[in-house]
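Bear in mind that the values here come from a model prediction, so they are computed numbers and not experimental data.
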Amino acid sequence: MTDKTSRRTRITPEEALAYHMEPRPGKYDIVASTPMTTQRDLSLAYSPGVAVPVEAIAERPETAYDYTTKGNMVAVISNGTAILGLGNLGALASKPVMEGKAVLFKRFADVNAIDIELDTEDPDEIVNAVRLMGPTFGGINLEDIKAPECFIIESRLKEMMDIPVFHDDQHGTAVICAAGLINALELSGKKIQDVRIVLNGAGAAGIACLELLKAMGAGHDNCIMCDTKGVIYSGRTEGMNQWKSAHAAVTEARTLEDAMKGADVFLGVSAKGAVTQEMVQSMAENPVIFAMANPDPEITPEDAHAVRPDAIVATGRSDYPNQVNNVLGFPYLFRGALDIHARAINDEMKIACAEALARLAREDVPDEVAVAYGRKLQFGRDYIIPTPFDPRLIHVVPPAVARAGMDTGVARRPIIDMDGYVQSLKNRMDPTAAILQGIHARARAKQARMIFAEGDDPRVLRAAVSWTRTGMGQALVVGRETEVKAELEALGLGDAMREITVVNAANTRHLETYHQFLYERLQRKGVDREDAIKLANRDRHIFAALMLAHGHGDGLVTGATRKNAPVLAQIGHVFDVRPQDGAVGITAVLHRGRIVLIGDTLVHEWPEAEDLADIATSGAAVARGLGLDPRVAFLSFSNFGYPVSERARKMAEATEVLDRRGVDFEYEGEMTVDVALNPESAARYPFSRLTGAANVLVVPARHSASISVKLLQEMAGATVIGPILTGVPKPIQICSTTSTVSDILNMAAIAAGGLGER
């Protein structure tokens with residue numbers, strides 16, 4: 001398997017800017033959660049109906065959590081004085097980062113967040129501005145504010161406000177660091193109250209790390225803090241402030257090198273190269289090294305392990321094991337705090353978060369998480385912290401935080417039914433991201449040589465470059481080299497020519513083999529040898545299919561420049577992809593947390609009962625490939641024989657076909673779409689064999705499937721993946737002509753994962 005360090009994601013400036021510009025500037029929208037269509041809706045939402053909750057809140061302020069978004073709303077606030085590792089670039093420049101933080105809140109914990117950039121460096125002005133916004137939000141997340149002002153601002157706001165105020169640069173890092181250290185010490189056979197800890201980097205994150213570890217039992221004089229001037233020791237005056245002075249230790253050590261001798265733990269939030277191999281060599285047995293400087297650690301795991309194979313090493317990077325990643329903490333801390341209407345996030349809640357993360361890392365890891373990271377994950381020296389895409393985080397960490405908040409008296413509204421709360425968290429998350437993550441994870445594990453058949457299209461070229469740069473595998477682009485190079489240069493991706501492979505009839509040594517193969521397939525279908533040669537040489541879809549047929553690529557994605565029916569016909573010259581060959585098109589539609597598969601959207605024009613049964617079987621297979629338990633509904637305008645119609649009858653007959661086949665998934669029909677998807681409507685038919693809402697919808701004909709998908713996409717804004725071509729002998733997927741770069745990448749990932757193969 002390819003080493004992850006060689007599959008590091010590479011992002012170019014052009015790609016980053018395009019991501020933030022398309023499909024419209026920024027990274028999030030605000031969407032109404034209540035109806036806003038009729039005059040009555042507007043009267044309820046605004047005047048006169050809104051007066052009722054206004055009066056209720058004025059009388060009982062706590063009901064603001066019931067009648068407004070306050071209880072699920074966090075402000076992400078910065079003044080841009082410490083943006084990532086870029087420094088003081090100002091409030092406006094910090095907006096992309098704060099927008100990013102807002103969407104992470106939503107993605108990982110379903111917390112609504114709004115970014116607010118304050119154009120001032122005056123702590124008093126920031127404190128006053130944030131304080132005055134208190135009624136709007138259920139919590140405040142401070143971000144990228146330089147030290148020592150960040151300490152002053154957070155401390156004063158916590159005193160003034162009755163909602164959680166949390167500076168993530170400090171406490172987010174501290175919580176994940178603490179979680180990892182709990183497990184590292186467990187593996188090392190050491191206790192936190194006994195170990196000697198050295199911390200390098202006396203800024204916001206470093207001070208918060210040490211404060212939290214001391215709250216967990218670390219001894220004051222066992223903890224040595226260092227800054228650029230050396231050890232912060234009792235009596236030092238140079239470069240000191242009140243926050244550093246609180247951690248001054250009684251020690252003879254004066255340099256980081258001195259402090260590292262015999263140390264059990266090193267925590268680094270400083271700079272690349274701050275730690276040498278000699279320093280690591282001098283540490284105690286089974287040392288723990290958290291080199292968390294970004295983008296490059298104080299010492300790399302390779303260099304540390306070269307001199308101390310017994311070391312447990314963590315970094316801030318995703319391409320090494322044991323990533324200390326703040327996204328494991330802040331979304332779930334706030335989720336738990338918001339759900340108890342907390343007045344604050346205290347040390348006990350942070351410790352509870354750390355301990356919950358540590359416990360989770362010791363449990364068996366779900367298969368989909370292991371696939372996403374390309375290796376078996378098991379508690380040990382290379383896995384002491386859960387991964388950000390572990391689906392259990394949402395229902396494991398917030399309950400622990402909430403319990404700690406209730407136990408320490410900061411909860412306004414304690415949770416009575418904790419089991420019900422855990423289940424609600426499981427149901428809360430939109431499965432869309434998990435589905436797409438699984439698709440890409442399986443593809444990344446395969447490291448496929450993906451054939452992109454339409455090398456003259458800028459979307460396809462951008463997708464091909466992204467395929468290689470995101471570590472998915474090798475991109476083989478069908479096109480003329482001069483044209484591909486010119487197009488890449490026009491896109492600002494000229495350097496990508498050396499990362500992709502351009503293939504065409506003029507530069508392949510396999511052309512004669514392709515000619516002979518195609519002629520033998522088509523010679524009894526009215527195609528002579530010369531025609532076969534022209535087809536292979538001139539049609540990129542056929543040429544790409546021939547590459548795949550001969551193992552000169554592992555998957556094929558096409559269709560971005562030409563309608564899918566003629567594309568499928570051209571591929572049919574090389575592969576058996578007709579309805580009678582078992583080919584079916586299944587489209588995944590994802591909207592507001594619900595996923596349904598609709599078929600057939602590609603192959604069968606007017607399927608009969610046997611064909612419909614085939615489509616259902618293919619849909620069930622795709623559902624399982626996406627991690628769903630298939631429940632198939634055969635749709636019509638009638639329910640179980642009423643009204644009577646010849647066209648509806650074939651949908652009922654399809655269930656009889658499946659009865660005879662003895663398939664191993666749930667199915668029912670014929671039924672209307674509301675009965676299939678709405679449990680309340682389905683309750684009128686207690687004899688139905690479906691145990692829940694259907695997730696595979698089989699419709700009467702291709703035109704109705706296409707209409708359904710496009711209607712959901714255009715009117716409801718649904719995300720559409722597909723049609724996913726199934727029942728084909730090789731990994732082939734066909735995009736639509738309206739596909740975005742992301743759509744093309746998704747289809748390539750589906751092809752690489754083998755979701756549609758026979």
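- Contact annotation: the side chain of Leu118 never approaches that of Glu125 to less than 4.5 Å [non-hydrogen atoms, C-beta and beyond].
- Residues meeting the side-chain contact (heavy atoms from CB on, under 4.5 Å) test with Ala443, sequence neighbours left out: Trp467, Met472, Ala749, Ala752.
- Atoms CD1 and CG, from Ile153 and Leu142 in turn, are 7.0 Å apart once rounded to the nearest 0.5 Å.
- Across Leu328 and Tyr332, no two heavy atoms sit closer than the pair O-CD1, 3.2 Å.
- Using modelled atom types, one finds no donor on one side chain facing an acceptor on the other under 3.5 Å when comparing Asn141 with Asp168.
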Stepwise salt bridge (Lys or Arg N to Asp or Glu O under 4.0 Å) test for Asp124 and Arg156: CA-CA 9 Å; Asp124 292 335; Arg156 288 174 57 188; 2.5 Å; yes
Working for side-chain contact (heavy atoms from CB on, under 4.5 Å), residues Ile197 and Leu267: CA-CA 7 Å; Ile197 300 172; Leu267 306 177; 4.0 Å; yes
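- Remark: Phe105 pairs with Phe330, Phe334 by the ring-ring contact (aromatic ring centres under 6.0 Å, His included) rule, at least two apart or across chains.
- With a 4.5 Å cut-off on side-chain heavy atoms, Pro398 and Leu425 count as touching.
- In terms of heavy-atom proximity, Ala271 sits nearest to Glu298 at O-CG, 3.3 Å.
- Electrostatic pairing of Arg413 and Glu62 does not count as a salt bridge here, judged by no charged N lying under 4.0 Å from a carboxylate O.
- Here CG of Leu157 is found 11.5 Å from NE2 of His167. Values are rounded to the nearest 0.5 Å.
- With a 4.5 Å cut-off on side-chain heavy atoms, Leu360 and Leu393 count as touching.
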Working for side chain to side chain donor-acceptor pair (under 3.5 Å), residues Asn88 and Thr81: CA-CA 4 Å; Asn88 185 351; Thr81 52; 5.6 Å; no
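- Residues Gln323 and Ile385 form no side-chain contact, since every pair of their non-hydrogen atoms from C-beta on lies 4.5 Å or further apart.
- A salt bridge links Arg317 with Asp296; the closest basic N to acidic carboxylate O contact falls under 4.0 Å.
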Derivation and outcome, side-chain contact (heavy atoms from CB on, under 4.5 Å), residues Met161 and Arg343: CA-CA 8 Å; Met161 303 185 77; Arg343 296 181 177 86; over 6 Å; no
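- Scanning both residues, Pro164 and Ala342, for their nearest heavy atoms gives CD-O, 3.2 Å.
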Verdict with supporting geometry, Thr69 and Asn72, side chain to side chain donor-acceptor pair (under 3.5 Å): CA-CA 6 Å; Thr69 60; Asn72 195 41; over 6 Å; no
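- In this structure, Arg335 does not pair ionically with Asp110, as no charged nitrogen and carboxylate oxygen lie closer than 4.0 Å.
- A salt bridge links Asp115 with Lys95: the closest approach of a Lys/Arg side-chain nitrogen to an acidic carboxylate oxygen falls below 4.0 angstrom.
- For the pair Met133/Ile77, a side-chain contact is recorded, criterion being any heavy-atom separation below 4.5 Å from C-beta on.
- With hydrogens and angles left out, the side-chain atoms of Asn322 and Tyr383 include no donor and acceptor closer than 3.5 Å.
- Two residues are said to be in side-chain contact when any heavy atoms from C-beta on lie closer than 4.5 Å; Lys70 and Ile163 meet this criterion.
- Taking 4.0 Å as the cut-off between side-chain N and carboxylate O, Asp162 and Arg412 count as a salt-bridged pair.
- Of all heavy-atom pairs between Val401 and Cys353, the closest is CG2-CB, 3.9 Å.
- Listed here is the closest heavy atom pair of Cys209 and Thr173: SG-CG2, 4.0 Å.
- The shortest distance between side-chain heavy atoms of Asp407 and Glu348 does not fall below 4.5 Å.
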Worked check of side chain to side chain donor-acceptor pair (under 3.5 Å) between Glu99 and His20: CA-CA 10 Å; Glu99 284 188 359; His20 285 80; over 6 Å; no
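- Counting only N and O atoms by type, the side chains of Thr63 and Asp66 include no donor and acceptor under 3.5 Å apart.
- Between atom OG of residue Ser94 and atom CD1 of residue Ile116 there is a gap of 11.5 Å, rounded to the nearest 0.5 Å.
- No side-chain heavy atom of Val324 sits under 4.5 Å from any side-chain heavy atom of Thr315.
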Derivation of the side-chain contact (heavy atoms from CB on, under 4.5 Å) call for Ile145 and Glu154: CA-CA 10 Å; Ile145 301 172; Glu154 185 193 45; over 6 Å; no
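- By the 4.0 Å N-to-carboxylate-O rule, Lys146 lies close enough to Glu149 to be salt-bridged with it.
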Working for side-chain contact (heavy atoms from CB on, under 4.5 Å), residues Glu117 and Glu143: CA-CA 10 Å; Glu117 294 74 35; Glu143 194 84 14; over 6 Å; no
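- Counting all heavy atoms, side chain and backbone alike, Met98 lies closest to Val76 at SD-CG1, 3.7 Å.
- The pair Asp144-Lys101 does not count as a salt bridge, with every side-chain nitrogen at least 4.0 angstrom from each carboxylate oxygen.
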